[in-house]
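Here is the structure we will look at.
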Amino acid sequence: MDKFVVYGGKPLSGKVRISGAKNAVLPIMAASLLAPGSYRIRNAPHLRDTFTMLEVLRATGVTGEIEDNVLELDTTNCNNPFAPYELVKQMRASFYVLGPLLARFGEARVSLPGGCAWGPRPVDLHIKGMRLLGAEIELDKGYVVAKAKKLKGTLINLDITSVGATGNVMMAAVLADGETVIENAAREPEIVQLARFLKKMGAEIEGEGTGTIRIRGVGSLSPVDVDVIPDRIEAATFLLAGAMIGEGVIVEGLDVDHLTLFLSKLREAGVNFEVKSKSEVVISRPERLRAVNITTAPYPGFPTDMQAQWMAAMSIADGSSVILEEVYKDRFTHVPELIRLGADIVLDNNVAIVRGVKELQGAQVMSTDIRASASLILAGLVARGRTDIYRIYHIERGYERIDEKLRAIGAEIIREEAEVI
Ligand code: EPZ
């Protein structure tokens, strides 16, 4: 297993290009199961999660390769509606194949995802949606076994706004008989892109991006090409690096319209940045960041996937901030690691009080999930001295070549073989 060694204090400047969105490419890959044929998915990020989803698709009979950020899939010979435990346990998003496999084959056997570093992550809303669409669902030895001759459109109210359940149900409903209405639907840009991809395939969908999505089932769909939207969480992570230790970081290839609230929080924190265009922002650190409170919420609220990174920034801010995690109440495995770096954080259930310190000190720390890893890298960039970040396989799930991109703008970050700890 590798680790990153980061020597802090190096100001960042220069251009960094944002990759395609992990959380957009994964549901699009699953949606390719809905219609046999060839798909070209451009701006696809080379990530562990992309490769895992490719393995999940291959297990169903799909052939595919990714090269130079172009993912070619051929789902013609897909004939095995099965997603095995050893793949689904690696990546919860594998569960996205349930809806498309059920819609195309009338049956599916998909492993329940395991939990993750910050606790159980249920799929009850996905299952509720499939049942409401008329599927018979049983749980058998850790697998969801779903059967449905023909799914039937209906009203589905998601008790919790769930990105995954919205995507899964939408993919199941596009080939159902009649109309499906999803109430309390997720509004994330990745869900909007999934809806538009499905519409390009021939699906009839409206309301994507609002809390109510209407789908009228059609007889069949056709394969199409797509350009994956930029990764708003990677973009926000690099913007925060610029806010913490940047002197003219140029973040390119992002979509500022997906970051409205985040950018307003940066302004509140006293960060000076210039929006050169919809896809380019120039950012530098202020004298000292101001402490700013956040509460995470479904889009367009503050993204839970930026909570850990924001906490790293607030660790060196002037004043105290309150971080309220309302999406995953226990998403705080990064807190003890930040404390090892000298952060002053008090945790009470899903509330973290961060008292800004003047300076963090480098130390050995452990990654626990994708975004916690990003938080530790940000902290390492500003900490005095050397920080060793172990178990970096987590970060490679969701950030394409992050060490190369950071080195290119002046960070001193090296990948090293890690002693096993
Ligand atoms: C997606 O996960 C993202 N992953 C996550 O990003 C992100 O944190 C999350 O949405 C919230 O924005 C992908 O898109 C691949 P949810 P998902 O269903 O779909 C509860 C990252 O770092 N819930 O919106 O799994 C759930 O427990 C990852 O890129 C149920 O109760 O999240 C949570 O509290 C981490 N029952 C809330 O809903 C269900 O059936 C939101 O979860 C489903 C979800």
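Heavy-atom basis, side chains included; hydrogens, waters and symmetry copies ignored. Note that ligands are numbered from 1 as they come in the structure, with each ligand's atoms numbered from 1 the same way. In this text the structure is predicted, and so the values were computed from the model without any measurement.
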(request) Anything under 30° is parallel, anything over 60° is perpendicular, the rest tilted; go ahead and classify Phe302 against Trp310. (result) perpendicular
(request) Have a look at ligand 1 and work out which part of Val163, if any, has a heavy atom under 4.0 Å from it: side chain, backbone, both or neither. (result) both
(request) For Ala165 and ligand 1, answer yes if some heavy atom of the residue is under 4.0 Å from a ligand atom, otherwise no. (result) no
(request) Identify, by atom number and element, the atoms of ligand 1 in contact range of Val327, meaning under 4.0 Å from any of its heavy atoms. (result) 33 (C), 34 (O), 41 (C)
(request) List every atom of ligand 1 that sits less than 4.0 Å from any heavy atom of His126, numbering the atoms from 1 in the order shown and giving each element. (result) 40 (O)
(message) On a heavy-atom basis, I'd like to know which of Lys128, Glu190, Arg371 is closest to atom 29 (O) of ligand 1.
(response) Arg371
(message) Tell me whether Gly164 has any N or O atom under 3.5 angstrom from an N or O of ligand 1.
(response) yes
(message) Looking at Asp305 and Ile233, would you say the former's side chain and the latter's main chain have a donor-acceptor pair under 3.5 Å?
(response) no
(request) Look at the side chain of Thr75 and the backbone N and O of Cys78, then say whether any donor-acceptor pair between them is shorter than 3.5 Å. (result) no
(message) Would you compute the distance between atom CD of Glu268 and atom NZ of Lys265 and round it to the nearest 0.5 angstrom?
(response) 4.0 Å
(request) Provide the number and element of each atom of ligand 1 under 4.0 Å from a heavy atom of Asp124. (result) 30 (C), 31 (O), 36 (N), 39 (C), 40 (O)
(message) Please list, in number order, the atoms of ligand 1 under 4.0 Å from a heavy atom of Ala93.
(response) 15 (C)
(request) Return yes or no for this condition: an N or O of Tyr96 is under 3.5 Å from an N or O of ligand 1. (result) no
(message) Distance under 4.0 Å to a non-hydrogen atom of Val123: what atoms of ligand 1 satisfy this?
(response) 39 (C), 40 (O)
(message) Please list, in number order, the atoms of ligand 1 under 4.0 Å from a heavy atom of Asp305.
(response) 5 (C), 6 (O), 7 (C), 8 (O), 21 (C), 22 (O), 28 (C), 29 (O), 35 (C)
(message) I'd like to know if the side chain of Asn184 reaches the main chain of Leu158, judged simply by a donor and an acceptor atom lying under 3.5 Å from each other, with no hydrogens or angles considered.
(response) yes
(request) With sequence neighbours excluded, tell me which residues meet side-chain hydrogen bond (donor to acceptor under 3.5 Å, both in side chains) with Asp177. (result) none
(message) Within the 4.0 Å heavy-atom shell around Ile160, which atoms of ligand 1 are there?
(response) 31 (O), 38 (O)
(message) Measuring from atom 15 (C) of ligand 1, which candidate in Ile233, Asn23, Thr166, Thr296 has the nearest non-hydrogen atom?
(response) Asn23
(request) Could you tell me whether Tyr328 approaches ligand 1 through its side chain, its backbone, both or neither, with non-hydrogen atoms closer than 4.0 Å? (result) side chain
(request) Give a yes or no answer on whether the side chain of Gln307 reaches the backbone of Arg331 with a donor-acceptor pair at less than 3.5 Å. (result) yes
(message) Distance under 4.0 Å to a non-hydrogen atom of Arg331: what atoms of ligand 1 satisfy this?
(response) 8 (O), 22 (O), 35 (C)
(request) For the pair Glu325 (side chain) and Val327 (backbone), establish whether a donor and an acceptor sit closer than 3.5 Å, ignoring hydrogens and angles. (result) yes
(request) Enter the distance from Ser38:OG to Asp225:CG here, rounded to the nearest 0.5 Å. (result) 9.0 Å
(request) Determine yes or no for a side-chain-to-main-chain donor-acceptor pair under 3.5 angstrom, with Thr387 supplying the side chain and Gly380 the backbone. (result) no
